[in-house]
Amino acid sequence: MTRIESKFAHLSTDGKKAFVAYIMAGDPTAEKSLDVMKGLPAAGVDIIELGLPFTDPMADGETIQLAGQRALAGGMTLQKTLDMVKAFRETDNETPIVLMGYYNPIYNRGVDKFLSDAAEVGIDGLIIVDLPPEEDDELCIPAQKAGLNFIRLATPTTDDKRLPKVMQNTSGFVYYVSITGITGAAAAQAADVAPEVARIKAVSDLPVIVGFGVRTPETAREIAAVADGTVVGSAIVAQIADGKSTADILAFVKSLADGAHSA
């Protein structure tokens, strides 16, 4: 059982919904992002989603694109991202970490080497948004053989014909994108999300976590109430971009986590 699977088992036993927080590795510096990352579990974060900076993040809105640019300008690389996870694991060996990004840096490193290194430093799952299920042999299947969950995104445009294909090799959890568009583009609506979560659960036993468009504790609670949990990314990254102190950022994260956990 991976850390991700274990986390959801414990949450289910406790009758709680999951709160997942996204930050960009290296934003605005490697030191600051590691400082924030280390504080996330105590702020109520159940799973950490760590962005791998990339020059062409096609699924991301302006807030996260700029975070990636700041990280790259500061010298962040795939190796330094792995080093960041290794440093986090020195004091936390329980919180699941999902690396979210794009395939190019992984391909450039070499799949076998990347997976070996990722497992060694303590990464538990991958969300690689530009690899569809037709390319599962490229990374998804090797990742699962290496003991990492491969988490797929489902969207409002994933129709009933496509959905089983998307789910076929997904593990850990399903990430449902609540809006049609990029990150941070619109507000998620629980009334729209609920039937989509039910549709996914009809073809998969995995937990369904909802992200994109969740910015407030109230929305976190509303979305978590109709799913197995929620993800917040852009709203947290915006706090970092504003130059807030680590303490203030983590206080904001705690308010979001409290919202999700109250569902």
Side-chain angles (χ1 to χ4, degrees), residues 3-24 27 32-51 61 63-64 67 88 91-98 100 124-125 127 151 172-179 183-184 186-194 196-197 206-263:
R3 288 187 189 92
I4 295 170
E5 292 160 349
S6 178
K7 173 61 71 174
F8 279 110
H10 285 131
L11 287 168
S12 178
T13 298
D14 294 341
K16 290 178 65 178
K17 301 302 180 72
F19 179 68
V20 183
Y22 171 99
I23 62 169
M24 177 68 72
D27 175 36
K32 177 65 177 277
S33 59
L34 178 58
D35 194 33
V36 172
M37 185 180 182
K38 285 183 173 181
L40 292 176
V45 174
D46 298 301
I47 298 172
I48 296 171
E49 201 176 295
L50 186 64
T63 300
I64 292 179
F88 176 86
T91 56
D92 187 321
N93 199 39
E94 294 184 2
T95 305
I97 298 172
V98 175
M100 184 172 187
D124 304 292
I127 300 176
I151 297 144
F173 63 90
V174 179
Y175 188 134
Y176 178 68
V177 176
S178 66
I179 60 173
T183 58
Q189 301 294 327
D192 297 329
V193 168
E196 293 298 300
V197 171
L206 293 171
V208 180
I209 305 300
V210 178
F212 286 46
V214 182
R215 302 190 187 98
T216 67
E218 293 75 22
T219 305
R221 181 179 63 252
E222 291 165 4
I223 295 299
V226 298
D228 296 299
T230 190
V231 185
V232 178
S234 293
I236 297 170
V237 172
Q239 296 274 315
I240 296 170
D242 287 343
K244 299 286 182 67
S245 69
T246 298
D248 286 345
I249 294 165
L250 294 175
F252 175 66
V253 171
K254 185 177 186 305
S255 73
L256 296 165
D258 288 348
H261 291 150
S262 69

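Note that the coordinates shown come from a computational prediction; the quantities given were computed from them, not determined experimentally. Numbers for residues simply follow the sequence, beginning at 1.
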Considering all heavy atoms, the nearest [X]-[Y] contact:
{"X": "A190", "Y": "V226", "value": "O-CG2, 4.1 Å"}
{"X": "R221", "Y": "G259", "value": "CB-O, 3.1 Å"}
{"X": "P96", "Y": "D124", "value": "CA-OD2, 3.2 Å"}
{"X": "Y22", "Y": "G51", "value": "OH-CA, 3.4 Å"}
{"X": "A260", "Y": "A18", "value": "CB-O, 4.3 Å"}
{"X": "G172", "Y": "P207", "value": "O-CD, 3.6 Å"}

Close side-chain approach of [X] and [Y], heavy atoms under 4.5 Å:
{"X": "I209", "Y": "Y175", "result": "no"}
{"X": "I64", "Y": "M24", "result": "yes"}
{"X": "I97", "Y": "M37", "result": "yes"}
{"X": "I223", "Y": "S178", "result": "no"}
{"X": "V20", "Y": "T230", "result": "no"}
{"X": "Q239", "Y": "V36", "result": "no"}
{"X": "F252", "Y": "K244", "result": "no"}
{"X": "I236", "Y": "L256", "result": "yes"}

| Which is it for F19 and D258 under the side-chain contact (heavy atoms from CB on, under 4.5 Å) test, yes or no, and what are the steps along the way? | CA-CA 9 Å; F19 179 68; D258 288 348; over 6 Å; no
| message | Please determine whether the number of non-hydrogen atoms from other residues, nucleotides or ligands lying under 6.0 Å from atom NZ of K254 exceeds 12. | response | no
Would the distance check show the side chain of [X] and the main-chain N or O of [Y] forming a donor-acceptor pair, the cut-off being under 3.5 Å?
{"X": "T95", "Y": "I47", "value": "no"}
{"X": "S12", "Y": "F8", "value": "no"}
{"X": "K17", "Y": "A227", "value": "yes"}

| task | Apply side-chain contact (heavy atoms from CB on, under 4.5 Å) to the pair N93 and R3, showing each step before the final yes or no. | result | CA-CA 9 Å; N93 199 39; R3 288 187 189 92; 2.8 Å; yes
Look up atom [atom1] in [X] and atom [atom2] in [Y], then write down how far apart they are to the nearest 0.5 Å.
{"X": "I48", "Y": "D92", "atom1": "CD1", "atom2": "CG", "result": "6.5 Å"}
{"X": "L250", "Y": "S255", "atom1": "CG", "atom2": "OG", "result": "11.0 Å"}
{"X": "T246", "Y": "L40", "atom1": "OG1", "atom2": "CG", "result": "10.0 Å"}
{"X": "H10", "Y": "D14", "atom1": "NE2", "atom2": "CG", "result": "8.0 Å"}
{"X": "E196", "Y": "Y176", "atom1": "CD", "atom2": "OH", "result": "3.5 Å"}
{"X": "K7", "Y": "E94", "atom1": "NZ", "atom2": "CD", "result": "7.5 Å"}

| task | Report yes or no: do D46 and H261 form a side-chain donor-acceptor pair below 3.5 Å? | result | yes
| message | Given F173, which partner from the list D228, V231, V98, V208 fulfils the side chain to side chain contact (heavy atoms under 4.5 Å, CB included) test? | response | V98
| request: List the steps and the verdict of side-chain contact (heavy atoms from CB on, under 4.5 Å) for I23 and I249. | output: CA-CA 11 Å; I23 62 169; I249 294 165; over 6 Å; no
